[in-house]
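Heads up: the structure comes next, in structure tokens.
Just so we're clear, the structure is a prediction, and the values are computed from it rather than from any experiment. Every heavy atom of this structure was used, including side-chain atoms; hydrogens, water molecules and symmetry mates were not. First the proteins, then the strands, lettered A, B, ... as listed; each starts at 1.
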Protein chains: 2
Amino acid sequence: MSTIYDVAKLAGVSPKTVSRVVNGDAPVGKKTREKVEAAIRELKYVPSSAARMMRSNRSGLIGVVTGAISRTAELSDPKGLPDLFILQGIQQVVAERDLTLMIADTAGQIDKVPALLRTFQEHRVEGLIYVADYHKRVAFETATPACPLVLANCYDAHGTPAIVPDDKACEKRLVERLTAHGHRRIAYLTFDPAMDAVPLRIEGYREALEAAGIAYDPALVSTGYPINTEFLHQWLDEALDRILALPEPPTVICCGNDEMAMQLYGLLRTRGIRVPEDISIAGFDNYRAIAETLYPPLSTVELPYAEMGRQAAELLLSLISEEASRPHDPVRVAGRVFWRSSVTDLELESQTSKGG
Amino acid sequence: MSTIYDVAKLAGVSPKTVSRVVNGDAPVGKKTREKVEAAIRELKYVPSSAARMMRSNRSGLIGVVTGAISRTAELSDPKGLPDLFILQGIQQVVAERDLTLMIADTAGQIDKVPALLRTFQEHRVEGLIYVADYHKRVAFETATPACPLVLANCYDAHGTPAIVPDDKACEKRLVERLTAHGHRRIAYLTFDPAMDAVPLRIEGYREALEAAGIAYDPALVSTGYPINTEFLHQWLDEALDRILALPEPPTVICCGNDEMAMQLYGLLRTRGIRVPEDISIAGFDNYRAIAETLYPPLSTVELPYAEMGRQAAELLLSLISEEASRPHDPVRVAGRVFWRSSVTDLELESQTSKGG
DNA sequence: CTCCCAAAAGACATCGATGTCATAATTAAA
DNA sequence: TTTAATTATGACATCGATGTCTTTTGGGAG
């Protein structure tokens, strides 16, 4: 690999002049510049970032710690890949700013994190992002790292700057759309409330009901859908029995995610209940492989993971340049509703029946 | 960030001694070592890889160019993510050897590659891997890079070391299993032969037939399945008509991939044809979200992407250390057959009918 | 108590790029 | 043509770690 000295010698100038040509930070005579540029081409000179960094103390590196890459291997079901989308958003911003991403994969083992962080420190990354695979709380043993840190899709107890999905607002937006279309008996079947997202979404569900002047009916809400087990089908079956047997059964069922909605479609079909004529269904996640493929296509709401990645990167960069101060609370990012034909418009229906 | 000089001063020794403690490359007296280690902890000293690299000329970095991360965003169908699996294999090997991965995403634009390669060169990566999203031929304008390069899931015309999936062997293994189970009329519906993988797999199909003493019948083979378009269903429908109308119809249909097999299941169901009682089905890819979920579960064969990633990384490392010489031909990696119940055992069946 | 030898520690130069300051070349003004 | 004001270039030191060589220290033998 040739150095700035080799170029200088070949061009018959001083190394400093070559540096000036490369960085364009000071005027260089036209003839000199051309000689230098020719020498650079000739020797295929590429400056060493290591040497540059020694003086400038700027590495141009952003470190990301994630399990996204190794985790894909375990995937046997058509789920979304939140962390990958987040990674993609980060990648976009970082590329725009001419920074370089160093990605360290935890290979699923949290205990590998300290070693990865050390490697990042050795390379003097200017900032760090930790990306979690689902919305959760995390706690790192490690003392405060030497550079700004942003958490994405998670948060901690120490107020580390964090970007999290706005589960509450998303579910609220979705349910608002349901009430706007005349639904007033809205069931909600979802996961174990131990997952951070679940109580938040229920809160959003309640707020939307309240905004529409609808009383919250606990009989319409079931939590505890067992993810990834054989009992999933049975649980759903029983929950369905329960809510359909209510004196005032729901006109629409909201599901914890799109996959659950897909299961529900199958269950309803075997019971001869039509979607959306007999009952409407809404999902969560806008996992397009499901939402667009189901018949009828599923109304759902998305968590804007790529956007979260972008915001995490933007926040990190502003922390690095000290443009912004640390936000005390996690930044919540909401996504939009995707309205498809799995939900009936009851307003329209009642008008039609009045008219007809 | 504290330096080796800060540590030396605090410990009251020379920087060189600190270096010896850190690297353990020369004996240091016990008391001195303890003083130094205390100072390192006190100052949270982490050596600078940039400075280290200046002298040693070893960066400990491996660069990967891929579109895997940005491409996930476009995914709307439940397909596999070959490049991500490859990335994961690479990651494994690289982590084992205490090297650091730098991942550059092309964001889908090939023209970004030169800039990414330059960044890698600036960081003096010791080796490069280019990961393609499907088996294809590639051509880079760029002159030979300054460090060893390995292609994964692709190859070029210049004999650059490459790791590719062994499409031929995979299909051959699958069809061998079919013939072993008594199938002799084996249809094959697949994609456009312009895709590199298609003719290779057909070749494997033919070799397996030949090995079983079965004549190749072109009427049983249809290529040109239109991927990702609205005509996909129609194409499959017509192809099915054609092969089922043959004087001697097939007992099993091999599909270009598992997704296509899934479509075929649906089509057969609407025609009242049972799988595997009336006809057997085999897939390709072992995309578990499909193969394990379909009823009956799908017999298929996998392309060992993670293994390819590992082999690519191993090959690269041996090229770097000059242990191995460049292979002149792409290294082909075959995967195993996953035998599930979508294929009937005709041998068993004929025995049973004889017995009964 | 000396002397010698091995072990331990240090001095110094070096890797490549660049900031600082000094000097040479060029142009404009007198 | 000379001088002042630019503009263009170069000399040198520096960033942090470490390879090479030198010096110091300590311990055992004589």
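In summary, A/E34 and A/K31 do not engage in a salt bridge, as defined by a charged side-chain N under 4.0 Å from a carboxylate O. With salt bridges taken as basic N to acidic carboxylate O contacts below 4.0 Å, one links B/E122 and B/R118. Salt bridge absent: A/E42 and A/K35 never bring a charged side-chain N and a carboxylate O closer than 4.0 Å.
Comparing D/dT18, C/dG16, D/dG16 by their closest approach to the side chain of B/T3 singles out D/dG16. When distances are taken from the side chain of B/R55 to each of D/dA11, C/dG16, D/dG16, the shortest belongs to D/dG16. The listed nucleotides are C/dG10, D/dG16, C/dT18; the one nearest the side chain of A/M54 is D/dG16. Comparing D/dA17, D/dT20, C/dA17 against the side chain of A/S48 picks out C/dA17 as the nearest.
Contact check, B/Y45 against D/dA17: a side-chain N or O comes under 4.0 Å of OP1 or OP2. Phosphate contact (OP1/OP2 of C/dT18, side-chain N/O of A/S19, threshold under 4.0 Å): present. Between A/T17 and D/dG10 there is a side-chain polar atom (N or O) within less than 4.0 angstrom of OP1 or OP2. Residue A/S14 places at least one side-chain N or O under 4.0 Å from the OP1 or OP2 atom of D/dG10.
At a threshold of 4.0 angstrom between heavy atoms, the contacts of B/V13 are confined to the sugar-phosphate backbone, with no base atom among them.
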> What do the steps show when you test A/R332 against A/D329 for salt bridge (charged side-chain N to carboxylate O under 4.0 Å, His left out), and what is the final call?
Replying inline: CA-CA 9 Å; A/R332 304 186 176 280; A/D329 288 313; over 6 Å; no
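The distance from atom NE2 of B/H123 to atom C1' of C/dG16 is 15 Å, rounded to the nearest whole Å. The CE-C1' distance, from B/M53 to C/dT14, rounds to 15 Å in whole Å. Atom OH of B/Y5 and atom P of D/dG16 are 8 Å apart (whole Å). Between B/D6 atom CG and D/dA17 atom P there is a gap of 9 Å when expressed in whole angstrom units. Here the P atom of nucleotide C/dG19 and the CZ atom of A/R58 are 12 Å apart, to the nearest Å. For the pair B/I4 CD1 and C/dG10 C1', the interatomic distance rounds to 13 Å; values are reported in whole Å. Separating the NZ atom of B/K16 from the C1' atom of D/dA17 is a distance of 8 Å, rounded to the nearest angstrom.
Here the closest heavy-atom approach between residue B/A152 and residue B/I129 is recorded as CB-CG2, 4.1 Å. Of all heavy-atom pairs between A/D196 and A/K136, the closest is OD1-CA, 3.7 Å. Considering every non-hydrogen atom in both B/P161 and B/P327, the closest pair reads CB-CD, 4.0 Å. Pairing each heavy atom of B/L303 with each of B/D167, the nearest pair is CD1-OD1, 3.8 Å.
Using modelled atom types, one finds no donor on one side chain facing an acceptor on the other under 3.5 Å when comparing B/Q92 with B/E96.
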Just the atom pairs and distances: protein N or O near nucleotides 21-28 of chain C's N or O, under 3.5 Å.
none

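Environment of CD in A/Q109: crowded, with over 12 heavy atoms of neighbouring residues, nucleotides or ligands closer than 6.0 Å.
If you check residues 21-37 of chain A against DNA chain C, the residues with a heavy atom closer than 4.0 Å are A/N23, A/D25, listed by number.
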